Amino acid sequence: QAKCVPLEDTQIDELADFAGQEGIDLTVVGPEISLAAGIVDEFESRGLKIFGPSKAAARIESSKDFAKSLMAKYNVPTAAYRTFSDYGEALAYVNAGKLPVVLKYDGLAAGKGVVVAETLEQADEALKDMLLDDKFGHGRVVVEEFLTGPEFSLLCFVNGSEVEPMVLAQDHKRAFDGDEGPNTGGMGAYTPLPFITEKDEVYALEHVMKPIASGMVSEGIPFKGVLYGGLMKTPDGIKVIEFNCRFGDPETEVVLPRLESDIFEIFWNVANDIPMPVTKWSSDAVMGFVMASKGYPGSYKKGYEITGVDDVLNDPSVHVYHMGTSLKKLGEGHEAFDKAGHSLVTNGGRVLMVLASAPDLKSAHDKALSAVERIGCEKSMDKRASRPLCDKWTFSTNCVSIQGRYGIPCVGFGPGAESQAHAPNEVTFKQDLVTCAALYAAVPGLYHPENKDGSATSFRQELTGNDIK
C-alpha cells in the first residue's frame, strides 16, 4: 500500500530531500507543473534517479510558442499560428482572419488556457483575460488556425532520439452526452481506435513524434520521459494540436493495461541513459468510464461512502483507478475497505475510473459498464440504501450497426441526461448523488474527411438516421 506524503508537487527541494532520506531508487514524475519547475534537474544534480524531461525540455508543454516554433523548424504538421504579447495587435490579427479561431495562453494554465472563439466578442474577451487582466499570469498568446476532425492521442517513451510508441487512445472531455456540456479533465477513454488506419499511425510516428524527438536533440535539449502527442485527423491529414511532457489522463489508464513489457525496465533505462527495450503490447481492447461527483466540473460535495469496489476487482480484466477518494472511519454498518476498518469515500470531482479489457471494444464496453453498475454510493446524507454511483445516466440497450459495421452504444450522463441522449431504445436510471460520465465512443465510418467538419453534430445526425438498426 502506498504512503501519502504531505508535500506539494511544486516543493522541489523538499521532494528531493525526501527521496534522499528515504533511499528512493527511482522517481517517476506525473504532474507537468513539477517538470516545468525543474524537478528533474534538481534530482539529477543530487545524483537521484528520476524519469522525466528536464525543465528546458518540458517547455514543449509549458510554452505553446516554443512548441509551435519547434514544429515549424522541423516541419512537423500543425495549425498555422502567430504569437502576440500586445492585446491590440492580437485583436487586429483576429479581426482580419477567419472564425472560429483558437487562442492559447503561452504557459501552464491547468488545462484552462485554451479558448475556441466562434465570435469576435468571444475572442476579444479571451484576449483581454490573457493579455490585459493576466488571468493565468503575465504572458503571451498563440493565435492559431481552427482545425476540424477527430482527435486522438499518441504517447511515446522517449530517450533522446529513441522513440518507442504506445498504443493509440482517444478520450472524452465534455461533461455530457453528444459532446455537449463543459470541458472536464477527462470523462472516459478507449483503445484501439477504429477510425485510425495503420498508415495514419505510421505517419504520426514518422512525421510527428520522431522528428520532434530528434529536433530536440539537435537543439541541445534532449527529451527523456513520456512525450504525449495530441493529434487530429483533419481533412488535410494528421496534424498536431498540442504536446505534453508526461503521461496524459485519462488515456494512460487505458493504454498501460495493454503493455506487456516491464514498465520498470523502461523507466530505469531512460533514467540511466540505457537504450530502451522494444515494447510489446496486447491486442486487447480497453475501455474506461470515469465516475464523477454530481455537479462536476462545477461545485460538488465530498465524503459519501463508496461500496462494491472489491467485488468488481474479483474479475482480473477489470481495473479501478482511484482519482478522488479517501479513507474515513465510519463505524459499524459500513463497508470496510482496509484492515483498519476504514470506509472508502468520495474526495474529489472525478472519483473513480472503471475500465475493462476484452478481445473487442463492445465486449470491453459491456464489461466495464457492468462493473460501474455494481459500484454503489450512499444516496444522500439521510443514510438511505446504497445506490449505483451514477446519477441519471442513460445508455442505449442495443449496438448500433451502420452500413454493416459495428458501433459502440452511446452513453449519456448527468442531470437531465434523458433529454440529451441521441440513441434508440434508451433506459434511464434516476438516482440522486453523483454523475457517471462515460465515453462517447467513435463509430467506424462516421468520420468522412470530405465532409470537412467531422463534427459531433454530423455524428449525432447519422446516429439518429434511418439506417440505424
Side-chain angles (χ1 to χ4, degrees), residues 12 16 19 24-78 153-168 201-231 238 240 242-248 251-252 255-256 259 261-281:
I12 305 303
I24 304 299
D25 295 313
L26 176 66
T27 300
V28 178
V29 187
E32 69 274 18
I33 194 169
S34 306
L35 296 167
I39 190 171
V40 171
D41 306 71
E42 181 61 29
F43 271 55
E44 289 184 341
S45 72
R46 301 190 189 193
L48 298 169
K49 299 300 181 183
I50 187 167
F51 175 87
S54 65
K55 181 177 182 178
R59 290 180 65 208
I60 197 161
E61 178 173 0
S62 64
S63 173
K64 303 295 188 295
D65 178 68
F66 172 77
K68 297 293 283 191
S69 61
L70 198 65
M71 286 184 268
K73 184 172 182 178
Y74 292 97
N75 298 312
V76 173
T78 187
S153 303
L154 173 57
L155 288 77
C156 295
F157 295 111
V158 177
N159 188 13
S161 57
E162 282 187 277
V163 179
E164 276 292 324
M166 303 185 210
V167 292
L168 300 176
E201 192 169 353
V202 170
Y203 182 91
L205 179 63
E206 297 296 333
H207 294 271
V208 174
M209 307 306 287
K210 286 185 176 180
I212 282 293
S214 60
M216 295 185 77
V217 171
S218 299
E219 296 294 313
I221 46 172
F223 191 97
K224 295 171 56 179
V226 171
L227 183 60
Y228 169 111
L231 311 177
I238 291 171
V240 177
E242 65 174 353
F243 283 114
N244 290 340
C245 62
R246 36 76 197 189
F247 282 113
E251 297 93 334
T252 300
V255 166
L256 290 186
L259 179 63
S261 305
D262 183 352
I263 197 169
F264 177 81
E265 183 182 3
I266 299 170
F267 290 158
W268 184 256
N269 286 16
V270 173
N272 288 277
D273 289 321
I274 301 170
M276 290 187 293
V278 176
T279 53
K280 296 181 181 179
W281 299 88

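This one's a predicted model, so the numbers in the text were calculated from it and none came from an experiment. Side chains included, hydrogens not; waters and symmetry mates left out as well; all remaining heavy atoms used.
For Asn269, there are no side-chain hydrogen bond (donor to acceptor under 3.5 Å, both in side chains) partners two or more places apart in sequence or in a different chain. Scanning for side-chain hydrogen bond (donor to acceptor under 3.5 Å, both in side chains) contacts around Glu201 gives an empty result, with sequence neighbours left out. Trp281 meets the ring pair (Phe, Tyr, Trp, His ring centres under 6.0 Å) test with no other residue; sequence neighbours excluded. Looking at residues two or more places apart in sequence or on another chain, you find a ring pair (Phe, Tyr, Trp, His ring centres under 6.0 Å) between Phe267 and Phe51. The side-chain hydrogen bond (donor to acceptor under 3.5 Å, both in side chains) test applied to Asn272 returns Lys49, not counting sequence neighbours. Remark: Ala67 pairs with Ile60, Met71 by the side-chain contact (heavy atoms from CB on, under 4.5 Å) rule, at least two apart or across chains. For Glu61, the salt bridge (Lys or Arg N to Asp or Glu O under 4.0 Å) test picks out Arg246, with sequence neighbours left out. Remark: Ser261 pairs with Leu259, Thr279, Lys280 by the side-chain contact (heavy atoms from CB on, under 4.5 Å) rule, at least two apart or across chains.
Pairs engaging residues 33-44 under the side-chain hydrogen bond (donor to acceptor under 3.5 Å, both in side chains) rule: Glu42-Arg46 [sequence neighbours left out]. Applying the salt bridge (charged side-chain N to carboxylate O under 4.0 Å, His left out) test to pairs two or more places apart or on separate chains, none has a residue in residues 155-164.
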Show every donor-acceptor pair shorter than 3.5 Å between a side-chain atom in residues 223-231 and any protein atom, with sequence neighbours excluded, or say none if there are none.
residue, atom, partner, partner atom, Å
Lys224, NZ, Val270, O, 3.4
Lys224, NZ, Asp273, OD1, 3.2
Tyr228, OH, Ser153, OG, 2.9
Tyr228, OH, Glu251, OE2, 2.8

May I have the list of side-chain donor-acceptor pairs in residues 214-221 shorter than 3.5 Å, sequence neighbours left out?
residue, atom, partner, partner atom, Å
Ser214, OG, Lys210, O, 3.1
Ser214, OG, Pro211, O, 3.1
Ser218, OG, Ser214, O, 3.2
Glu219, OE2, Lys73, NZ, 2.7
Glu219, OE2, Tyr74, OH, 2.5

Pair Leu256, Phe247 - check side chain to side chain contact (heavy atoms under 4.5 Å, CB included), show working. CA-CA 10 Å; Leu256 290 186; Phe247 282 113; 4.2 Å; yes
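When side chains are defined from C-beta on, Leu70 does not count as touching Phe243, because their heavy atoms never get closer than 4.5 Å. Between Pro77 and Val208 there is a side-chain heavy-atom pair separated by less than 4.5 Å.
Separation of atoms CG (Leu154) and CG (Leu168) is listed at 5.5 Å; rounding is to 0.5 Å. Between Glu32 atom CD and Ser62 atom OG the span is 9.5 Å, to the nearest 0.5 Å. Taken from CD1 in Ile238 to OH in Tyr203, the straight-line distance is 7.5 Å, to the nearest 0.5 Å.
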